[in-house]
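Step one of this worksheet: look at the structure below.
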Amino acid sequence: MPLTQLAGIPADRVTEDAIERKLYSRDLASVPAIMVKPFFRTLPDAVIRPGNAEQVAETIRQAARERIPVTPRAAASTSYYNSVPVRGGWVLDVNDLRDGIELDTERQTVRVLPATTWFDLDDVLQQKGFAVKSYPSSAVSATVGGWVSMQGHGMGSLKYGGVGEQLVSLQVALPSGELVTVTRESDPPLDWFVAAEGTLGVITQVELTVRPRPAAESHHLFAFDDLNTLGRNVVSLACAEPRPFTIFFADSGYLRLLARAGFHIPLDLPQSHFPVSEKGLLLVSFQGEPSEVNQGKDRLTRVAGCELSSDLALEEWNLRLYHLRAKRAGPSLLAAESWLPIDALHHYLKSVRTLAERSRLLIGTYGLAVAPNMALVMSLYPTDERHTVKYLAALGFTKRLHDLAARYGGRPYGVGLWNSAYLPRLFSRTRLDELKRRKARLDPSGIMNPGKLYQAPFPLWPITFGIGATVLGAAHIALGREGP
Amino acid sequence: MKDQAFFEGLMAEAAICAYCGYCRAVCPTYAGVGWESCSPRGRIQLTRLLLEGTPLTRDQMTRLYQCTLCGHCTQVCPTRIDLRRFWLEARKQTVARELSPQGLAAARDNVAKTGNVYGYPNDERAGWVEYMNDAPADLYQRDQAGVVYFVGCSSSFSPRVQHIAESFVRVLDAAGVDFTILGEGEVCCGFPLLAAGMHDQAQAVIEHNLERVRAIGATTIVFNCPACRMMWLEEYARHLPGVRLLHSTELLAELTAAQRLPMKDVNRIVTYHDPCDLARNSGVYDAPRAVLAAIPGLQLVEVHERRERGLCCGGGGDLEMVDTALSGRVAARTVSKLAGTGAQTIVTACPQCVRTLTRGAEQTAPDVTVKDIVELLDEALDR
């Protein structure tokens, strides 16, 4: 479709420039062309930047008429190609739909445009005496609409639940081009669009509950000498009352990555990474009324670790949105992020340590308790994308880590393209059928973010992927070994 | 995030870039353009493509120059890339491939021919003194002095901000400071050339200025312009051991602390705009606030976005030369935030900020005036 015929969209909001389009064909993940080009059309035919919800709906309506794939994109701060096209078409850059913050102090709710970052939303709310209930650990760039479209768990989820639980309503541009407001009672209901990864429509406004700005907060950092004790303390703290706002944990591999990247770490580690130290860190943060925070602090006397200074605790808290600083140890960093039953955390941490030890690899793990029974764990390892063969092998190694998490009941966090290889782990047959029914009903032409979430494309079929990733992962163990 | 920043080379840092978009969220020119290529992470990818040999056009590479070098991207970068340095090095590579914006060649030629970016005859550099009613007979040009006031191109030639230079010399006089200006002996500090990626061409002006200040024998050089001061700190300081390079607000903070400036009550509510090159890029946050606090009757209402999170005026990094309209959009956005404090006067400490914010105020807040801190101090002097 010639873009000059794109009605209702100002010409300066559309581009077909080859270089511009190229910049829209990636996200955090740097994936070698050899893994992408033969299978996917990641280069969009055009990028369109609607200026408001009506323009979003209008663009989708015209795309649907011509059966052009539409990939919505805001911060593109995930690494599964959730917002990268895999069948060409149009990328819908919604970043101009930001701010528009309307706070209802009586109902303690806020309406906000979807491309507003969590940092900015919270910043505005804090000035008005309120705060968001939870936010992603990438809050500086991650957008409100983006996090709703993903799994939506992070800082504060332990106390306030996932973002899906905080939603009041969403305005969505459906694949039909219709602009609708959905609630828990509407048809389709709001829940359909949570974690739908932009495959059912484009979120154009979010309404969610907020909380009064916490009157007090307190941060506590503990050092542990063994991962078993660390893991078990996370479990007991995660279900304690009053509930901490956040529980963050990290193993020695993550701390070593930071040290290698040139950053100060709060623990002394041995000169050599091997044998891999059992040490770990735990940050517990309370927020709320002073009495509640004090009660929480009193409970910490039962924590078995060694409490470090309040200055170090505050420093760690202030760095909570900067875990990516470890990437300087790479220059590339690959990762497997998983949901994990929290009572299996110590098993997982110890198994990663054993894998690192046996394979002589540097693997770091950090994570958050996001529910009394659930943790999010991120295991990362350094590599170098400038060496294609080594990097390809390293990419395969993520499966080893996902397999490890699966052994303890874990599953990948987020689907997009790359994690579609794990669909059988992600959804039961019944659940997947239900998701497909929703897709068929709302997007019968299949134009919304096609090629993601519902079905793995050929190279990511569980069998082909399993064989390929296993071979590559073994190659990584051979090629990526740390020196003595 | 406060920490050291690193730079290990363009390709190394391009690989380290996490593409997380933290930089994009704070970039003032991305907010004004909206395309990914105008985000810092997009510019890093463009640089990578350039170095890998991808054919790129001058228009495409202009994105590298649609950046004010405000340093906010460095401030938030999780992988701690020294992005200001990255941009300067990337611009060098752009110049080497003859893909830099054409307007910058004119600025380069002007500096080479006349000693200033505007192309005015350099013997008019101290022309502003001649228009002062109260200028001394030597027009502030002395053979020897303890302090050299390096006026800079903007305050020397731009009519809107020549008053800043006038005010500053009056304030220095009032405090009894032994100072001189260089007159036509001063040439551009070289920062516009460095920012353009024309490092080699900056060397001649650096040597010229060094020779002039050495001849004066000063122990302090003071600047109104934060970019000039940064340039001197980065490119001149190693040649001037023992010489203090101060921004005007740092010297004024010393003078007010020593009570060398008699002041009368100023009944005014102001807000303060942190210039990027003075604040975020140089760490000078307290001196201007100390000066403002020393003015009796002055009420400072701070904007939420201040200090490390200060907003950009849109005038840095040669942007005004490359894309005047974008510079204006950035300025207008900043003015509307500053005007939101309710203050009727925006005070800053940079002639370029005064120029661009004044233009922004004309668009968005015509009742608001913009002043340099030395202009305010000049008004407050109890003569």
Side-chain angles (χ1 to χ4, degrees), chain A residues 12-13 15 17-30 47 49 51 73-77 79 91 93 95-96 98 115-120 123-124 126-127 138-143 261-264 315 318-319 321-333 384-386, chain B residues 1-9 11-27 30-46 48-50 52 54-57 59-61 63 72-73 75-81 303-305 309 333 340:
Chain A
D12 63 355
R13 290 186 168 274
T15 186
D17 177 86
I19 295 298
E20 192 69 54
R21 287 184 291 133
K22 194 174 174 65
L23 298 179
Y24 283 82
S25 64
R26 68 161 291 180
D27 61 9
L28 257 68
S30 174
V47 183
R49 289 195 304 115
R73 179 178 172 109
S77 58
S79 52
V91 163
D93 176 343
N95 283 292
D96 277 351
R98 63 173 178 263
T116 309
T117 66
W118 282 97
F119 185 92
D120 285 347
D123 195 37
V124 170
Q126 295 265 354
Q127 292 173 58
S138 53
V140 177
S141 62
T143 64
F263 299 106
H264 169 259
E315 191 178 313
N318 288 336
L319 288 167
L321 307 181
Y322 291 92
H323 300 308
L324 271 173
R325 65 195 192 281
K327 190 169 184 289
R328 183 159 283 279
S332 308
L333 206 56
D384 189 341
E385 67 198 65
R386 294 171 297 182
Chain B
M1 178 186 172
K2 275 187 183 175
D3 215 327
Q4 69 186 109
F6 303 85
F7 183 79
E8 295 169 12
M11 285 306 267
E13 298 299 337
I16 286 168
C17 168
Y19 216 71
C20 62
Y22 276 30
C23 51
R24 199 184 69 147
V26 297
C27 176
Y30 169 75
V33 173
W35 294 108
E36 188 73 38
S37 56
C38 201
S39 69
R41 72 177 180 187
R43 292 187 194 110
I44 291 174
Q45 293 305 312
L46 270 182
R48 191 175 186 162
L49 292 172
L50 181 78
E52 285 171 353
T54 305
L56 294 163
T57 64
D59 273 357
Q60 285 162 339
M61 289 315 296
R63 292 298 197 212
H72 211 158
C73 46
Q75 181 85 29
V76 299
C77 176
T79 55
R80 308 305 303 126
I81 302 172
V303 67
H304 182 65
E305 294 84 359
R309 290 182 61 194
R333 186 167 169 264

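Order of the sequence lines sets the chain letters (A, B, ...), proteins ahead of strands, with each chain counted from 1.
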- D93(A) and Y30(B): which non-hydrogen atoms are nearest, and at how many Å? OD2-OH, 4.5 Å
- Item | Residue pair Y19(B) / L28(A): nearest heavy atoms and the distance that separates them | O-CD1, 3.2 Å
Atom group of [X] that falls short of 4.5 Å from chain B, counting heavy atoms:
{"X": "L333(A)", "value": "neither"}
{"X": "N318(A)", "value": "neither"}
{"X": "A261(A)", "value": "backbone"}
{"X": "A74(A)", "value": "backbone"}
{"X": "R13(A)", "value": "backbone"}

Which residue out of [options] racks up the most heavy-atom pairs below 4.5 Å with chain B?
{"options": "A75(A), A139(A), S77(A), S30(A)", "answer": "A75(A)"}
{"options": "T143(A), D96(A), D27(A)", "answer": "D27(A)"}
{"options": "R49(A), K327(A), R386(A)", "answer": "R49(A)"}
{"options": "S138(A), A329(A), S332(A)", "answer": "S138(A)"}

- Query: Got a second to check how far Y24(A)'s OH is from W35(B)'s CH2, nearest 0.5 Å?
  - Reply: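 So the gap between those two atoms works out to 5.5 Å.
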- Item | Rounded distance [0.5 Å steps], CD1 in I19(A) versus CZ in R63(B) |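 So the gap between those two atoms works out to 12.0 Å.
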[X] side chain near [Y] side chain, heavy-atom distance below 4.5 Å:
{"X": "K22(A)", "Y": "T54(B)", "result": "no"}
{"X": "R309(B)", "Y": "D123(A)", "result": "yes"}
{"X": "D59(B)", "Y": "D17(A)", "result": "no"}
{"X": "Y22(B)", "Y": "L324(A)", "result": "no"}

Among [options], residue most engaged with chain A (heavy-atom pairs, under 4.5 Å):
{"options": "A12(B), A18(B), A25(B), G21(B)", "answer": "A18(B)"}
{"options": "V33(B), L46(B), T57(B)", "answer": "V33(B)"}
{"options": "H304(B), R41(B), M11(B), E13(B)", "answer": "H304(B)"}

- Would you say E20(A)'s side chain and E36(B)'s backbone share a donor-acceptor pair under 3.5 angstrom?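 Between the backbone of E36(B) and the side chain of E20(A) there is a qualifying donor-acceptor contact (under 3.5 Å).
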- Answer yes or no: is there a donor N or O on one side and an acceptor on the other, between the side chain of S141(A) and the main chain of C20(B), under 3.5 Å?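 Side chain of S141(A) to backbone of C20(B): a pair is present.
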- Message: Before you tell me yes or no, could you show the steps for E385(A) and R48(B) under salt bridge (Lys or Arg N to Asp or Glu O under 4.0 Å), namely the whole-Å CA-CA distance, both residues' side-chain angles and the distance that decides it to 0.1 Å?
- Response: CA-CA 13 Å; E385(A) 67 198 65; R48(B) 191 175 186 162; 2.8 Å; yes
- Message: Need one label for C17(B): side chain, backbone, both or neither, based on atoms under 4.5 Å from any heavy atom in chain A.
- Response: backbone
- Engaged part of I81(B) at the chain A interface, taking heavy atoms whose separation is under 4.5 Å: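 For I81(B), backbone and side chain are both near chain A.
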- Query: Does E8(B) pair with R328(A) as a salt bridge, N-O distance under 4.0 Å?
  - Reply: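 Counted as a salt bridge, because a side-chain N and a carboxylate O are separated by less than 4.0 Å.
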